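The residues of the chain are indexed from 1 along the displayed sequence. What you see is a predicted model, and the numbers here were worked out from it, not measured in a lab.
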Amino acid sequence: VMLSYLRDGEEVVDSMKQKMKSVRVCFLIFLLLETMCSEGCWKEEKQALLGLPLDYPSSWNFYTDSFIYWNVDTDCCEWYGVYCNSSTGRVVGLDLYWWKSTEQYINYSDFSVFKDLKNLSLASNNIAGCVGDAELPNLELLDMFDNKLDTAASIISCLDGLPSLKYLYLGFNELITSSLNQVFESVPKLRSNLKTLDIRWNYLTNDILPSLEGFTSLKELNLGENELDSNLNFEGLWSTLRNLEVLDLSHNNFNQTDIGYALSGLSSLNSLYLTQSGLSWRSISNISKLSSLENLFLYGNDLKESESILWGSG
């Protein structure tokens with residue numbers, strides 16, 4: 001009986017030792033995190049933010065009509081345009097809209113310290129291209145709206161080193177069709193990876209459509225504010241854009257086009273934007289063939305009820 005008590009006592013002691021080891025390990029990890037973090041955000045990431053080559057130490061807040069500064073004495077996770085993971089304190093998103101007033105070239109090495117960075121918005125920053133060979137392996141969203149990426153080479157330079165990219169915004173860069181076609185040919189991974197592609201407000205014609213045929217994962221496509229003017233090349237999209245749910249074709253010119261029929265093969269299309277596109281009732285007579293359509297936006301077109309009655313009777 002005495003031996004049994006001794007064995008039980010040894011087991012209790014061993015168990016307590018294991019628990020103490022676990023406590024010590026957890027305490028060491030806590031101290032390590034305390035050392036690396038600063039008031040929520042990581043010290044190295046805070047320093048990297050302060051070292052970015054930005055013209056402005058602040059950004060205008062249109063909601064409060066005031067400037068919001070990056071105060072070095074505060075938690076960088078609370079800074080304007082900085083988004084952190086609430087659990088780890090690491091930066092996961094940066095919105096650096098309108099921080100640069102002069103033409104610049106981006107080097108992703110300036111952002112490589114942000115190991116968990118998934119979203120990067122550099123809209124309206126006079127960016128003419130990217131330099132260096134640094135990668136951002138976890139980046140999923142890149143917003144380059146309203147910059148100076150008007151050539152194939154300038155765009156390609158900014159897409160190298162982004163193996164996880166899923167959401168790409170290239171609107172308002174004065175792109176022409178041939179340049180963007182070259183981009184899609186030179187960066188084939190876009191075809192299989194992208195879920196959202198925003199190329200609105202450029203100078204793209206219907207000749208851009210064949211280049212989009214291989215985007216099998218695409219769910220949202222914005223071609224608004226371009227120079228599309230017919231049903232040419234739309235049917236080629238039917239067989240490959242099977243996952244497309246949102247399509248924006250606003251501010252083009254489909255006056256002489258049966259755009260309803262041209263899009264009728266997009267079986268997953270849920271939302272369609274055709275605002276201010278010069279539509280007549282003839283243009284959308286076959287819109288009902290879009291079997292999955294739930295949201296249709298037609299405002300800004302001259303669609304008269306009397307004409308719809310006449311067209312329906314014909």
Quick one: which of L241, N222, L221, L218 gives a side chain to side chain contact (heavy atoms under 4.5 Å, CB included) with L247?
L221
Quiz question: by atom type and distance under 3.5 Å, do the side chains of S154 and S157 form a donor-acceptor pair?
no
Rounded to the nearest 0.5 Å, the CG atom of D258 sits from the OG atom of S283 at a distance of 7.5 Å
Ring-plane angle category for W79 and W70, please: parallel below 30°, perpendicular beyond 60°, tilted otherwise.
parallel
Is there a side-chain contact between T240 and F215 in this structure, where contact means two heavy atoms from C-beta onward sitting under 4.5 Å apart?
no
In terms of relative ring orientation, are F254 and F234 parallel, tilted or perpendicular, with 30° and 60° separating the classes?
perpendicular
Are L244 and W238 grouped together when hydrophobic residues (ILVMFWY) are joined by side-chain heavy atoms under 4.5 angstrom apart?
yes
Between L190 and L212, is there shared hydrophobic-cluster membership here, with clusters defined by ILVMFWY side-chain heavy atoms closer than 4.5 Å?
yes
D207 to N181 - nearest heavy-atom pair and separation
O-ND2, 3.7 Å
Quick check on D133: does its CG atom have over 12 non-hydrogen neighbours (other residues, nucleotides or ligands) under 6.0 Å away?
no
Side-chain heavy atoms of T216 within contact of R191, under 4.5 Å
no
With the side chain counted from C-beta on, respond yes when L159 and L168 share a heavy-atom pair under 4.5 Å apart, and no when they do not.
yes
Contact between L175 and I155 at the side-chain level, heavy atoms closer than 4.5 Å - yes or no?
yes
Take N206 and N233 through the side-chain hydrogen bond (donor to acceptor under 3.5 Å, both in side chains) test and state the conclusion after the steps.
CA-CA 7 Å; N206 286 65; N233 296 326; over 6 Å; no
L296 and L223: same hydrophobic cluster, using ILVMFWY side-chain contacts below 4.5 Å?
yes
Any side-chain donor near an acceptor of the partner, N270 and N295, under 3.5 Å
yes
Residues P163 and L136: closest non-hydrogen pair is CD-O, 4.1 Å
Give a yes or no on whether the backbone of A123 and the side-chain of D146 come within a donor-acceptor separation of less than 3.5 Å.
no
Would you mind checking if E44 and R90 are paired as a salt bridge, meaning a charged N to carboxylate O distance below 4.0 Å?
yes
Indicate, with yes or no, if I176 and L149 share a hydrophobic cluster defined by side-chain heavy-atom contacts under 4.5 Å among Ile, Leu, Val, Met, Phe, Trp and Tyr.
no
Does one hydrophobic cluster hold both L96 and F114, with members joined at side-chain heavy-atom distances below 4.5 Å?
yes
Chi angles and distances behind the disulfide (SG to SG under 2.5 Å) call for C41, C76
CA-CA 6 Å; C41 66; C76 69; 2.2 Å; yes
Ignoring hydrogens and geometry, is there a side-chain-to-backbone donor-acceptor pair from N301 to L274 under 3.5 Å?
yes
Drop me the distance from F145's CZ to N125's CG, to the nearest 0.5 angstrom.
12.5 Å
Is it the case that over 12 heavy atoms from other parts of the model lie below 6.0 angstrom from the CD atom of E235?
yes
